[in-house]
Amino acid sequence: MPWAEAFLNTQTNNSENLADSNERHLSYTDALHEALDLALELDKKAFILGQGVNDPIGMFGVTTDLYKKFSEERVFDTPLSEEGMTGMCAGAAMNGMRPVYLHNRPDFLLLTFNQLVNHASKMHYMDEGHTNVPMVIWSAIGRGWGSGAQHSQAVQGLLLSVPGLKIIMPSTPYDAKGLMLSAIADNNPVVIFEHRWLMKQNGYVPEGIYKIPIGEGIYRTRGEDLTIVGSSHAIALAQIALDSLAEEGVTADVIDLRTIKPLDEKIIIESVKKTGRILVVDTGWAMGGVCAEVGCLVAEKAFEYLKAPVRRVGLPDSPTPAGFTLEQYYYPTSEKIADAIKLTISNDK
Amino acid sequence: MPWAEAFLNTQTNNSENLADSNERHLSYTDALHEALDLALELDKKAFILGQGVNDPIGMFGVTTDLYKKFSEERVFDTPLSEEGMTGMCAGAAMNGMRPVYLHNRPDFLLLTFNQLVNHASKMHYMDEGHTNVPMVIWSAIGRGWGSGAQHSQAVQGLLLSVPGLKIIMPSTPYDAKGLMLSAIADNNPVVIFEHRWLMKQNGYVPEGIYKIPIGEGIYRTRGEDLTIVGSSHAIALAQIALDSLAEEGVTADVIDLRTIKPLDEKIIIESVKKTGRILVVDTGWAMGGVCAEVGCLVAEKAFEYLKAPVRRVGLPDSPTPAGFTLEQYYYPTSEKIADAIKLTISNDK
Amino acid sequence: MVKYKYKGQGYSNTDINKYSKELLLNLLFSMIRIRMIEETIESKYHEDQMKSPIHLVIGQEATSVGACAALKVTDHIYSSHRTHGNYLAKGGDLKAMMSELFCRANGCCGSRGGSMHLIDKSVGMMSTSAIVSGIVPIANGAAMASKMKNEGRVIGVFFGDAAMEEGAFWESLNFAILKKLPIIYLCENNFYSVCTPLDKRQPASVELFDKAAGFGIEAKQIDATNLLLVYETVLEAAEKARNGGGPTFIENVAYRLRGHGGAGDDSKSGYRGLDEVDSWQNICPIHTLQNEMKNHNLIDENTINDFQNRTQLEIDEAFHHAVSSPNPSEDSLMQHVYAD
Amino acid sequence: MVKYKYKGQGYSNTDINKYSKELLLNLLFSMIRIRMIEETIESKYHEDQMKSPIHLVIGQEATSVGACAALKVTDHIYSSHRTHGNYLAKGGDLKAMMSELFCRANGCCGSRGGSMHLIDKSVGMMSTSAIVSGIVPIANGAAMASKMKNEGRVIGVFFGDAAMEEGAFWESLNFAILKKLPIIYLCENNFYSVCTPLDKRQPASVELFDKAAGFGIEAKQIDATNLLLVYETVLEAAEKARNGGGPTFIENVAYRLRGHGGAGDDSKSGYRGLDEVDSWQNICPIHTLQNEMKNHNLIDENTINDFQNRTQLEIDEAFHHAVSSPNPSEDSLMQHVYAD
Ligand SMILES: Cc1ncc(C[n+]2csc(CCOP(=O)(O)OP(=O)(O)O)c2C)c(N)n1
Ligand SMILES: Cc1ncc(C[n+]2csc(CCOP(=O)(O)OP(=O)(O)O)c2C)c(N)n1
Ligand SMILES: [Mg+2]
Ligand SMILES: [Mg+2]
């Protein structure tokens, strides 16, 4: 799809900080590739599977040629069978392996909810902690280029209330690598949602093993006027929006959740106590899901500090249209987020 | 399971209003049975399917002997195949039929998310409204009697953000019948979550056809101190909790949502404008889902009227334990809800 | 390396004289038209105006055309992501298709579907899914409706070899056999799922149609570069279904001559042998039928050229129609989320 | 009406002399013990102290016992909701089981699982699922782990006839064949899913094992009222799996003599013939083996009585243990949601 490739290049937020040229920079996909490479090297129990992981392109470049280095036993293509393969991963994980199962699109996870929600997330609890299920399910949200209703969904919100599951949504190459390593090392089922619009982004990525604690958010910027909470590509958009308001003197705490489950309540509440205002941004539907959870949380636990209504920017309550023009109306843009920021700071109680 | 039956009898809130003995009273299951009977009678395109619908017991009594009256062509048992049967329902619905597919437990819906979320809910949008998908998916939440992690889930929260879907959670025999009739008449995929602890409840149920508008909540009681929002069995618990505080003079608007999608924002906001306080109760997990959505909504759209933090009472963030003692700790009780009410009204800003 | 060899017999066992010249011309022309349309799409895809993920049917046209021709106009079809051939063969409107690919308001799905969701209920192209095997249970439901309403309508459902790796496929097959549904399962076995060959996904020791047969369905494997074989087999299956004889499974073996998605062939990347692609070029379903017809003096170059010229005009017009059509408006975005 | 007839040959084709007396006694006793335990559970279930949905294996014990005996102690098993027989046959601890049924803190799952989740990893009863067919893909993963770690461990997975209606079952079978996984699929065909007979769910024209065979797996159907047939067949399959020969599918045909769930038989409700149940009572796997052993002078009434008396003591003790065990504490509720 030539136009899609071209499109991706223009949409990518190349916010690479070139100031410190001594730093080692990698693209988001390369960072992920490095994480997988290291994990396979380090832990003989780790293995990688998924439709297309051994393709010439290799899952957007994330798995390219890993099978050549580590053998097709440890990096292998699968039958479609998403539900069966997810259960297979759970079973292998319960027996000491560390599977990492990659999907092109989160839409395909909807085939696997029985194994993911009814099984993998519950096994540890059900047998009183005797069984661990250290598996990673990875998928990349496909926004734009005509993906349409069945190939574009950001379904993290559907999984948010599932006990026993961890959910990761990295926004930088640094986090993509560090969180992947943490996820593989974690003894629980972990779902990672990447975003295709982040994939060509470059950024600082240290060599070797490092891990980012699962369940901890991070301040991307510090400011006074409001708190912006989000993750993944929504954070990139929020930062552009905030930058566009810099001239007007608007500053914000921008919190990148990085993990949406367990949710870092502490950092959110700490910030709202200071700013008194919150805008939640997410790549998924605004109704239900992450926006709703964070919004409710703040109204529950930081109510006395709130100076303005909670606001959320996510997808409208409709399926994704396939066409380019409709997509422009459908998706939140940095402009729409800037508007929401202005509303949030203007609207005193 | 003798003990389970005995248990159900004791747990059922027999809040039948016997004052007006002229009213026609039916049990919740009989009300549902009557709705299905009427629908099959009225509309030749309606049909009923599900594992056990033709069993001697007939899906808790909801479908008992319907196949005898309407033939096994229109009321039939199915292979397990939940995903395949859900897609079959969608396809039949797309071609003018009105399938009603019944499940013993919502846990089994997790096998069908691909057809439900990726297909049935999107078809109407995807082909620009040319195709309708008038299907009903019905299941009964199984709280208690050792159902455990895989047979007790209230998964409505996982579906809340799915565009194109309607979700119903009735709390009375009257609503169970009326909403079932509305659901079958609706031209969209509708998911109905019943609750097994409501099934033996009795209540006023008119004869014949009547419909309850999907997407409209209703005040169960009117009061001053706070707004309590919920649906299904959570409303029953909330009402007991409120009754227990009557002596202390506590009164509340109790809003039974009846439909959680589309959500009746109007009634919620109207009430919160008056009371300034809100407690959301739900049979599902407190994190994510209905509690979070309603809580966030109020903080967004009725913020200036709020006098106290939003509160929610739902399930803790863990799978359901199977054992009886642990179940008592796990589930919200009317006592826990009463405590939350007290907190909500005490805690001025 | 030629991993997947052609195992058919060409037209050597086919008695072309059984068929009227008119029918043969129609069938051949339908294939040529689909090929020309797709080749035009291909040639313009790099212009980045068709912002939709396409999956070309080039090499596999005989399945679309043969099957749709064997069905009645009132019969219905359902399709996987590889829609173009099925949509056009069933009589879909080319202008509406091109508008859909160009994301215009007057596309057959109003720009909500794109290439993977070419739907036109007026001609019986009822629905599609971009989820592999997702359309199969839905087609079963259509067949169930046909049966319950006693419509005598037959349902055809198209899907790839990889769809048979999805559990829902087998759930559907079981149900269709159990209920004797009037449905024809049209497996398009092209040996690949994206870049993954069949033997990495299913044991090489078993044929697809044999697995289906094991479930108790009448199942056939056919050389689907031979359009008349497809036609004949589907005709028989449709007849049976219409008479209450239940479902049939047909494994249509043909080769995808282009990449999985997008324009052009992607075999240079190494996932399949260039010689394999070459070997199948030689048994292109259009050329083989054309040659057979020429050998029987049923067609000549002039007639073909004539048709091609007319078709090129039609295609140019459709493209022009599409690019000059309006984009959808913002207020249409939230329409049709729910039906009234 | 006897819809599902016994089609086996009893022990007429079995050469019982091939087996040591010790083995035979162990196998018989294991079945008798399971039966006695379940009968005791049944007799006390109405007291409403075992607050757990039970699914008795009465009538089908030979599958549990024969299969587990044929596996090595270090082999692993996985099970559907019908757990009791499999748990006990694999060496599960009776006290821990009874505590689990009585929802006590020292149950084998600490009261988090109940009857449908009797798990004891120390004896290789690795996991269960209450979702029909849910455990099958998981068992596949266990087999994959065994293969990747080169452990030589064989996996057995128990499931009912209805599990074969779930797509995930066929996805798993395909994968196991593709990867030659060391797994044995132990289908327990008792003709019913709750009250629904097999022919309302799967076409009567095809046998379950034939469908599996169609996928390319070695598949057998056996009379699973004959414990030695089960034992022999699983022994062979395990040997093959251990030697890299891949998976085997075994359809174990036996009858569930009690209701689907709970205590007692529920056939009066009419979903199956009382005469059908009666006809299978006659070929109870325990009685048939016992008689065969008596006929060969391998056992007498005294030995049986002795064993029964000892077992009754053991059972009484286990029940006593359970009812006098502590309930779980409130602070344990939120433990083990996540692993460290
Ligand atoms: C459930 C699901 N998994 C994965 C994909 C990604 N995908 C899109 S097309 C395709 C190939 C399918 O192969 P096949 O069914 O043989 O059809 P073909 O493309 O060869 O015509 C795949 C894997 C998908 N769309 N849906
Ligand atoms: C996915 C799913 N659907 C439905 C059920 C309800 N259910 C529990 S046991 C059972 C019967 C299963 O029959 P079978 O697999 O033959 O096992 P059996 O009980 O006969 O041993 C059913 C339908 C379930 N647990 N899981
Ligand atoms: Mg293919
Ligand atoms: Mg059974």
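- Interface residue C/A142: backbone and side-chain heavy atoms are both found under 4.5 Å from chain B.
- C/A96 and C/D93 get closest at one heavy-atom pair: N-OD2, 2.9 Å.
- Interface check for chain B: of the options C/M148, C/H117, C/M144, the most heavy-atom pairs under 4.5 Å are formed by C/M148.
- Under 3.5 Å, the side chains of B/H124 and C/R112 contain no donor-acceptor pair of N or O atoms.
- Most heavy-atom pairs under 4.5 Å with chain B: of the set C/G134, C/A168, C/G110, this distinction falls to C/G134.
- Of residues 85-93 of chain B, those residues lying under 4.5 Å from chain C by any heavy-atom pair are B/M85, B/G87, B/M88, B/A90, B/G91, B/A92.
- One side chain, C/H76 or C/R153, offers a donor N or O that lies under 3.5 Å from an acceptor on the other.
- Contact of C/Y78 with chain B is made through the side chain alone, with heavy-atom distances under 4.5 Å.
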Using the salt bridge (Lys or Arg N to Asp or Glu O under 4.0 Å) rule, take C/R242 and C/D75 through it: C-alpha gap first, then chi angles, then the decisive distance, then the call. CA-CA 10 Å; C/R242 220 178 301 283; C/D75 289 337; 2.8 Å; yes
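- Here the side chain of B/T64 pairs a donor or acceptor atom with the backbone of B/I57 at under 3.5 angstrom.
- Heavy-atom pairs under 4.5 Å with chain B peak, among C/S332, C/S172, C/A145, at C/A145.
- C/D340 touches chain B through its backbone: at least one of N, CA, C or O sits under 4.5 Å from a heavy atom, while the side chain does not.
- If you check the side chains of C/E188 and C/N252, you find no donor sitting under 3.5 Å from an acceptor.
- For the atom pair C/F158 CZ and C/C68 SG, the distance stands at 4.0 Å (nearest 0.5 Å).
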